[in-house]
2 protein chains.
Amino acid sequence: MSRRSGSAPATTGEVLHLIRTGEAATRADIGRLTGLSRPAVALRVADLMDRGLVAEDTAGPSTGGRPPVRLAFNAAGGTVLVASLGASRTQIAVCDLSGAQLARTDLEIDVERGPGVVLPLIMDVWADLLGDRPAAGVRGAGLGVPATVEFAAGRTESARVMASWTGVAIPPLVAARYPVPVFVDNDVNVIAMGEHRAAYAREVRDLLFVKVSTRIGAGVVAGGEVLRGALGAAGEIGHIPVRDGGGVLCRCGNVDCVDSVASGTAILRDLRAAGRQVATLADVVTLVRAGDAETMAVVRRAGRLLGEVVASAVNLLNPAVVVLGGDVAERFQPLVSGVREVVHRRSTALSTRSLRIERSRLGEDAGIIGCALMVTDHILAPDTIDATPAREPAHH
Amino acid sequence: MSRRSGSAPATTGEVLHLIRTGEAATRADIGRLTGLSRPAVALRVADLMDRGLVAEDTAGPSTGGRPPVRLAFNAAGGTVLVASLGASRTQIAVCDLSGAQLARTDLEIDVERGPGVVLPLIMDVWADLLGDRPAAGVRGAGLGVPATVEFAAGRTESARVMASWTGVAIPPLVAARYPVPVFVDNDVNVIAMGEHRAAYAREVRDLLFVKVSTRIGAGVVAGGEVLRGALGAAGEIGHIPVRDGGGVLCRCGNVDCVDSVASGTAILRDLRAAGRQVATLADVVTLVRAGDAETMAVVRRAGRLLGEVVASAVNLLNPAVVVLGGDVAERFQPLVSGVREVVHRRSTALSTRSLRIERSRLGEDAGIIGCALMVTDHILAPDTIDATPAREPAHH
DNA sequence: GCTCTTTTGTAAATCCAACTACCTAAGTTC
DNA sequence: GAACTTAGGTAGTTGGATTTACAAAAGAGC
């Protein structure tokens with residue numbers, strides 16, 4: 001990673017990385033991989049064990065001599081507080097250091113009540129979810145919010161549905177009660193990162209995540225990092241126009257935005273116009289299951305229109321994978337087929353040569369997992385580990 | 001940069017960075033900024049002077065005591081070989097370490113003759129251009145090629161106009177004669193990086209460069225880095241379709257690709273269809289100067305159509321600046337106006353809040369400058385400096 | 001011209017981190 | 001169960017880089 005390529009000795013953070021990735025399972029492995037001497041390895045491992053990040057596992061199998069003590073990343077060595085705020089629902093959880101959920105509650109909170117109400121509520125839920133787990137074990141907090149976020153400061157810039165949240169710096173509010181690093185990002189960015197890290201990180205460094213739900217948004221992972229843009233507004237594909245949209249007026253004032261012709265809202269509208277009795281997406285699912293031709297056609301057309309925009313994005317970004325998520329994409333195979341059809345027709349040959357277009361693997365857990373990984377990614381990064389002293393230099 | 005934020009002492013590379021950026025101009029400055037002791041500073045500066053990267057300048061003004069010896073980045077401390085290969089023309093130059101051109105030749109080479117012919121020719125020109133300058137002073141080489149490039153290996157993947165160049169790993173071929181680091185990238189990426197580093201780097205980290213010439217392409221700088229995508233094909237916007245293109249058949253087989261309706265080729269075709277006698281873009285320039293209404297309309301329409309694609313890209317990437325380059329964009333103000341008009345109408349409010357849309361500042365030098373900066377960026381990066389020993393440990 | 005201030009250089013001392021060398025632990029193999 | 005093999009720990013030594021302390025250079029101010 002950030003190793004000074006020459007011959008600088010491996011740092012504690014790099015040793016943790018070897019253990020986390022499974023490249024090294026014993027002290028001897030670490031010595032072989034890094035070229036570090038036994039004492040140096042022992043020092044770093046002891047440091048990591050002091051911090052609770054690494055644990056000695058059962059003894060491994062002998063290969064003819066003393067069996068090695070297996071080292072493993074200690075996911076239980078700390079907890080991460082996460083919350084994924086949505087327009088309709090907020091998911092709140094406590095995760096371990098691997099991002100696995102230890103406890104979770106989904107709440108119907110009216111986010112419009114503003115950060116002064118919602119954040120304390122979330123923090124109370126965190127306290128509940130922590131239960132007996134020591135508060136000192138909390139290593140960080142991560143929130144995904146349906147707004148544009150200036151990531152470095154964790155400040156919401158412009159909220160799509162939460163006017164009361166515009167311009168709020170969230171980390172200080174959380175850190176006042178939980179004095180740990182706090183990370184905040186846009187909800188779709190968080191999901192994109194979650195999908196990437198949890199399902200694709202080993203194979204892929206460039207991923208486009210498209211969320212199709214009530215609205216349409218995207219998150220871009222480029223070169224392994226979330227692409228945020230100048231104001232944190234990257235990925236706002238909802239108001240890119242499509243061709244042959246039929247002249248639908250979008251609430252943004254333009255016509256034929258992909259949001260207005262291919263979102264869940266648009267599908268419901270089109271089905272009602274076709275005389276179908278659909279109140280919610282669940283009704284659409286029923287019609288699809290029943291094999292209703294009109295419904296299939298509407299969904300597939302939405303997929304094709306969305307595919308146009310995805311094709312443009314594929315040409316521009318050249319991702320290795322396009323992941324379609326959000327409740328609409330996750331439930332409707334015809335939509336995914338429609339996207340595939342158009343992308344392979346309209347993107348350049350090179351961009352689609354090895355392009356995969358898939359449905360979300362994480363589903364509705366993506367937000368929670370993404371938030372947790374956003375935190376652990378920073379907290380366990382070699383640079384962060386190396387910048388943090390092993391233990392307090394002076395006690396006072 | 002990659003400084004282990006804690007309290008690790010500043011490295012030689014970081015000291016060079018301070019001097020290059022002008023943050024520190026004397027040894028005392030460096031001591032103050034880094035917290036390093038005088039001997040430690042002296043050691044690093046001596047190292048940099050040994051390498052020829054830093055030179056003692058005139059003595060600075062005294063502030064009441066001994067006047068400081070001013071330190072300056074020594075751009076003359078080495079040379080960089082650069083070449084920007086184009087379909088119609090190849091620019092070849094020798095630059096100093098600041099990217100300034102020391103000598104340059106533009107050639108009409110038929111790149112189709114293949115790397116076996118063209119590369120030796122370029123290397124001969126470099127030898128000519130170097131003249132009396134010592135070959136040992138060559139620190140690196142950089143090439144921009146009109147092809148998709150796998151950057152890490154410097155291998156061309158898919159060549160747009162140069163079938164004979166497909167799948168060629170260029171660095172070994174150059175390094176055989178000039179044993180220095182060799183960097184190769186797509187021509188538009190190189191120009192985008194050049195514009196960013198040379199004109200915008202201090203203010204902006206996200207930039208979209210669009211080249212409008214015979215064809216249309218783009219280079220993306222995201223978070224200060226060139227975005228390359230999974231196969232190095234990012235930025236291929238030429239075959240994104242526009243709405244209301246009129247059903248023009250593009251050579252890619254689809255209709256209404258922006259390349260087929262807004263490129264230089266398309267403008268010439270449309271003017272001819274309108275009865276204008278235009279052989280080259282120079283004729284179009286004449287007509288624009290003469291204020292020909294039809295010509296203005298055609299160019300402006302091309303701008304508007306291009307603007308649609310740029311607007312989509314702006315929504316997706318949220319750049320701080322859009323730079324329009326290539327000979328068409330550089331010569332035709334109406335095209336730029338057309339882009340501006342549509343982008344501000346069709347991109348989301350947040351993305352355009354502080355968006356600037358400008359013509360290239362570097363013009364036809366962009367390729368050369370970009371190539372030089374691509375090399376110096378790597379060669380002078382703190383990590384590279386620190387990974388390179390000061391002088392040979394053993395002579396043999 | 002003398003003193004003060006600021007900058008830079010040099011040498012001895014110190015500190016920190018890693019290494020070598022030696023030792024113990026705990027298996028397998030015969 | 002004796003010898004071999006591999007893993008892991010400990011202590012003194014070594015090496016490199018940095019710092020402190022001491023000096024010297026070079027101009028400003030009086």
Side-chain angles (χ1 to χ4, degrees), chain A residues 3-4 6-15 18-19 23-50 54-72 385-391 393-394, chain B residues 3-4 6-15 18-19 24-50 54-72 385-394:
Chain A
R3 176 109 172 262
R4 306 215 195 303
S7 55
T11 65
T12 305
E14 287 160 335
V15 169
L18 290 176
I19 296 173
E23 288 171 78
T26 69
R27 289 177 176 80
D29 282 349
I30 297 169
R32 277 187 290 268
L33 285 165
T34 61
L36 249 36
S37 65
R38 246 90 6 115
V41 172
L43 200 70
R44 286 162 175 70
V45 171
D47 180 1
L48 290 169
M49 289 178 57
D50 278 357
V54 165
E56 291 187 341
D57 217 358
T58 58
S62 164
T63 56
R66 170 175 171 171
V69 176
R70 296 188 66 80
L71 301 172
I385 297 288
D386 295 334
T388 315
R391 50 187 99 180
Chain B
R3 176 109 173 264
R4 306 211 195 305
S7 55
T11 66
T12 305
E14 287 160 336
V15 169
L18 290 175
I19 296 172
T26 70
R27 289 177 176 79
D29 281 350
I30 297 168
R32 277 187 291 267
L33 284 165
T34 61
L36 249 36
S37 66
R38 259 81 44 167
V41 171
L43 202 69
R44 287 161 175 72
V45 170
D47 181 1
L48 291 170
M49 287 177 56
D50 278 357
V54 165
E56 291 188 341
D57 216 358
T58 58
S62 164
T63 56
R66 169 174 173 174
V69 176
R70 294 188 68 79
L71 300 172
I385 297 287
D386 295 335
T388 316
R391 50 188 99 179
E392 284 71 53

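Residue numbers begin at 1 in each chain, while the letters A, B, ... track the order of the sequences. Source: prediction; values computed, not measured.
One can place CG of A:Leu43 at 14 Å from C1' of D:dA11, the figure rounded to the nearest angstrom. Atom CD of A:Glu14 is separated from atom P of C:dA18 by 12 Å (rounded to the nearest Å). Distance CD1 (B:Ile30) to P (C:dG9): 11 Å, rounded to an integer number of Å. Between the CZ atom of A:Arg27 and the P atom of C:dA26 there is a distance of 14 Å, given to the nearest Å. The distance between atom CG of A:Asp57 and atom P of D:dA7, rounded to the nearest whole Å, is 17 Å. One atom, CG of A:Leu36, and another, P of D:dA7, lie 16 Å apart when rounded to the nearest Å. For the pair A:Arg70 CZ and C:dG27 C1', the computed distance is 16 Å after rounding to whole Å.
Put simply, the side chain of A:Leu48 does not reach to within 4.5 Å of the side chain of A:Val45, judged on heavy atoms. Taking the side chain as every heavy atom from C-beta outward, A:Val54 and A:Val15 never approach each other to under 4.5 Å. Residues B:Asp29 and B:Thr26 have side chains in contact (heavy-atom distance under 4.5 Å, counting atoms from C-beta outward). Residues A:Pro9 and A:Leu36 meet the side-chain proximity criterion, which asks for heavy atoms closer than 4.5 Å.
In terms of phosphate contacts, A:Arg32 brings a side-chain nitrogen or oxygen within less than 4.0 Å of OP1 or OP2 of D:dA7. For A:Arg38 and C:dT20, the shortest distance from a side-chain N or O to OP1 or OP2 is not below 4.0 Å. Contact annotation: B:Arg44 reaches the phosphate of D:dT18 (side-chain N/O to OP1 or OP2, under 4.0 Å).
A donor and an acceptor atom sit less than 3.5 Å apart, one in the side chain of A:Arg66 and one in the base of D:dA7.
Of the candidate nucleotides C:dG9, D:dA25, C:dA18, C:dG9 has the atom lying nearest to any side-chain atom of B:Ala42. If you check D:dT6, D:dT19, D:dG27 against the side chain of B:Pro67, the one that comes closest is D:dG27. For B:Ser37, the listed nucleotide lying nearest its side chain is D:dT20; candidates were D:dT20, C:dT24, C:dA18. Listed candidates were D:dT19, D:dG8, C:dT7. Nearest to the side chain of A:Thr26 is D:dG8.
A salt bridge does not link B:Asp47 to B:Arg44: none of the charged nitrogens lies less than 4.0 Å from a carboxylate oxygen. The pair B:Arg27-B:Glu56 counts as a salt bridge, with a side-chain nitrogen and a carboxylate oxygen less than 4.0 angstrom apart.
Using a 4.0 Å heavy-atom cutoff across all strands shown, B:Val41 reaches no nucleic acid atom at all.
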Listed pairs, N/O of protein and of nucleotides 28-30 of chain D, under 3.5 Å:
none

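No donor-acceptor distance shorter than 3.5 angstrom exists from the side chain of A:Asp57 to the backbone of A:Arg70, with no hydrogens or angles considered.
Along DNA chain C, the nucleotide nearest to A:Pro39 and the one nearest to B:Glu56 differ in position, and the one closer to the 5' end is contacted by B:Glu56.
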